[in-house]
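Every chain is numbered from 1, with letters handed out A, B, ... down the list of sequences.
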There are 2 protein chains.
Amino acid sequence: MATRTDAPTRREQILKEAARLFAERGFHGVGVDEIGAAVGISGPGLYRHFAGKDAMLAELLVGISGSLLTGAKQRLKEADGVAPEAVLDSLIEGHIDFALDDRPLITLHDRELDRLRDTDRKLVRQLQRQYVELWVEVVRRLYPELAEPAARSAVHSVFGLLNSTPHLARPGALPGRATTAALLHRMARGAFEAAGAR
Amino acid sequence: MATRTDAPTRREQILKEAARLFAERGFHGVGVDEIGAAVGISGPGLYRHFAGKDAMLAELLVGISGSLLTGAKQRLKEADGVAPEAVLDSLIEGHIDFALDDRPLITLHDRELDRLRDTDRKLVRQLQRQYVELWVEVVRRLYPELAEPAARSAVHSVFGLLNSTPHLARPGALPGRATTAALLHRMARGAFEAAGAR
DNA sequence: TCACCTTGTTAATGAGCGTTAACGCATTTC
DNA sequence: GAAATGCGTTAACGCTCATTAACAAGGTGA
């Protein structure tokens with residue numbers, strides 16, 4: 001059986017470093033030589049693992065969108081029959097975990113989508129849309145007086161709020177992960193509450 | 001005397017189109033020929049008006065940060081002695097106006113900062129910092145129990161919320177500007193309220 | 001009328017960069 | 001032990017693209 005913490009494969013190393021570099025300086029702003037150097041091989045050696053630079057970005061973005069959606073579906077399934085408040089809390093918690101633990105990916109997620117080939121972009125958009133709709137349903141269950149377009153706008157805005165962490169500061173400048181997570185959570189709930197008020 | 005609505009100068013046309021294109025496809029993703037074509041001249045003709053592509057981006061970003069800061073200072077001055085609630089409302093209103101009316105600029109604002117030359121980047125960062133600190137002061141006046149780091153995080157998060165509009169949809173898909181503005185305003189206030197709660 | 005500045009144009013230059021070619025060397029497989 | 005395969009390397013190619021050169025034409029002022 002596979003151990004729970006395998007040594008990261010080359011592909012995974014590359015993806016991780018590529019994500020960091022893309023987030024820092026943009027897809028067009030980083031060269032393949034840099035990505036190679038970041039994992040200790042140089043330039044064209046990457047082509048043993050990926051078809052090209054585009055392929056790395058595509059795999060990253062599809063992976064992100066897929067993870068978010070899968071995680072949310074999982075949380076919805078586990079929280080079957082509980083209060084809608086708790087379901088929303090669970091979604092928020094999941095998104096915060098992601099935003100705090102995978103900052104580069106969150107940055108890429110809404111910044112480099114347009115650099116994808118048509119087919120990949122459509123796939124990512126579809127996954128994102130499903131994720132949003134899933135939130136919208138939960139939000140409207142909790143605030144039924146909220147019309148659907150408004151609910152969708154509210155969800156997007158809360159994403160903006162939660163995804164703001166990358167802009168916050170250098171790695172260590174936050175007041176502690178738990179504190180930050182709690183603050184973000186309170187604010188997200190407060191924003192929805194205010195959106196649902198008439 | 002100059003009429004109130006002068007014909008836009010060439011420089012202004014160029015800046016406007018460049019902002020739109022940069023926001024759509026990223027600084028590195030758009031070529032000078034495209035920018036030229038967007039204003040009816042071609043490629044190198046731009047160099048009669050700007051020192052280079054970098055200079056356009058620099059002027060845009062410095063302009064944005066400056067406008068935001070100047071506007072906020074103005075609002076603070078006008079709202080001297082009124083309730084802190086009203087002051088915060090005024091800041092929020094100003095930021096929303098900006099986010100809704102100058103979407104491309106808002107997008108550039110937190111996306112392409114790293115493409116600037118050192119000196120320009122420092123200037124923009126300084127303007128941004130002043131803008132944030134100004135909000136932090138107002139927020140802490142309204143919620144004194146909020147510690148300064150938390151207040152700063154909260155302000156950044158609300159910026160994320162307010163700046164989410166560009167991601168929302170194609171131009172016309174929003175439920176009307178006034179409605180959207182009101183929703184964003186309520187959510188921002190709700191988020192701060194929740195942040196200030198113990 | 002004649003210089004001159006403004007604002008364009010197209011052609012050339014030169015750097016950067018993604019990608020492919022050609023080759024080397026462990027390690028595995030039969 | 002030989003062949004194949006995985007995973008690197010460096011060198012070369014070709015394209016894109018910002019920038020500069022060289023030149024043109026319209027308007028303005030002496």
Side-chain angles (χ1 to χ4, degrees), chain A residues 2 6-62 108 111-121, chain B residues 2 6-62 108 111-121:
Chain A
D6 276 330
T9 171
R10 227 332 103 91
R11 274 182 72 87
E12 290 166 345
Q13 292 179 44
I14 295 173
L15 283 177
K16 182 178 173 185
E17 294 303 310
R20 184 178 56 80
L21 289 169
F22 288 160
E24 278 174 11
R25 298 208 294 283
F27 178 68
H28 286 111
V30 41
V32 289
D33 289 351
E34 274 177 289
I35 304 175
V39 299
I41 74 181
S42 237
L46 297 171
Y47 287 73
R48 297 289 171 200
H49 304 275
F50 293 92
K53 203 180 153 194
D54 299 341
M56 300 180 207
L57 183 64
E59 187 157 333
L60 283 172
L61 291 186
V62 173
L108 287 186
R111 195 168 287 200
E112 306 284 358
L113 181 57
D114 298 325
R115 279 64 167 175
L116 257 49
R117 295 202 336 273
D118 252 37
T119 155
D120 290 321
R121 189 170 56 248
Chain B
D6 277 331
T9 171
R10 238 313 114 90
R11 275 183 70 89
E12 290 166 346
Q13 291 180 44
I14 295 174
L15 283 177
K16 182 178 173 185
E17 294 303 309
R20 183 178 56 80
L21 290 168
F22 288 160
E24 277 174 12
R25 298 207 295 285
F27 178 69
H28 285 112
V30 41
V32 290
D33 288 352
E34 274 176 288
I35 304 175
V39 298
I41 74 182
S42 237
L46 296 172
Y47 286 75
R48 297 290 172 199
H49 305 275
F50 293 93
K53 203 180 152 194
D54 298 341
M56 300 180 207
L57 183 63
E59 187 156 333
L60 282 172
L61 292 186
V62 174
L108 288 186
R111 195 167 288 199
E112 306 284 0
L113 181 56
D114 298 325
R115 279 61 166 176
L116 256 49
R117 295 202 336 275
D118 252 37
T119 156
D120 290 321
R121 189 171 58 247

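A heavy-atom distance below 4.5 Å is not found between the side chains of E112(B) and L60(B).
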- Query: If the sugar-phosphate is the primed atoms plus P, OP1 and OP2 and the base is the rest, what is the B/S/- string for nucleotides 6-12 of chain C, using protein heavy atoms under 4.0 Å?
  - Reply: -BBBBB-
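Residues V32(B) and L46(B) come closest through the heavy atom pair O-CD1, 3.4 Å. The shortest heavy-atom contact between K53(A) and V30(A) is NZ-O, 3.0 Å. When every heavy atom of I35(A) is checked against every heavy atom of A18(A), the shortest pair comes out as CG2-CB, 4.1 Å. When every heavy atom of L15(B) is checked against every heavy atom of M56(B), the shortest pair comes out as CD2-O, 3.9 Å.
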- Query: Can you list the steps and then say if I41(A) with R48(A) is a side-chain contact (heavy atoms from CB on, under 4.5 Å)?
  - Reply: CA-CA 11 Å; I41(A) 74 181; R48(A) 297 289 171 200; over 6 Å; no
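In this structure, NE2 of H28(B) is placed 9 Å from P of dC17(C), rounded to the nearest angstrom.
Salt bridge status for K16(B) with E12(B): absent, with no side-chain N to carboxylate O gap under 4.0 Å.
Close approach of DNA chain D to chain A, defined as any atom under 4.0 Å from a non-hydrogen atom of the protein, starts and stops at dC7(D) to dA11(D).
With R11(A) contributing its side chain and H49(A) its backbone, the two residues share a donor-acceptor pair below 3.5 Å.
Nucleic acid contact class of V30(B) (heavy atoms, under 4.0 Å, all strands): sugar-phosphate only.
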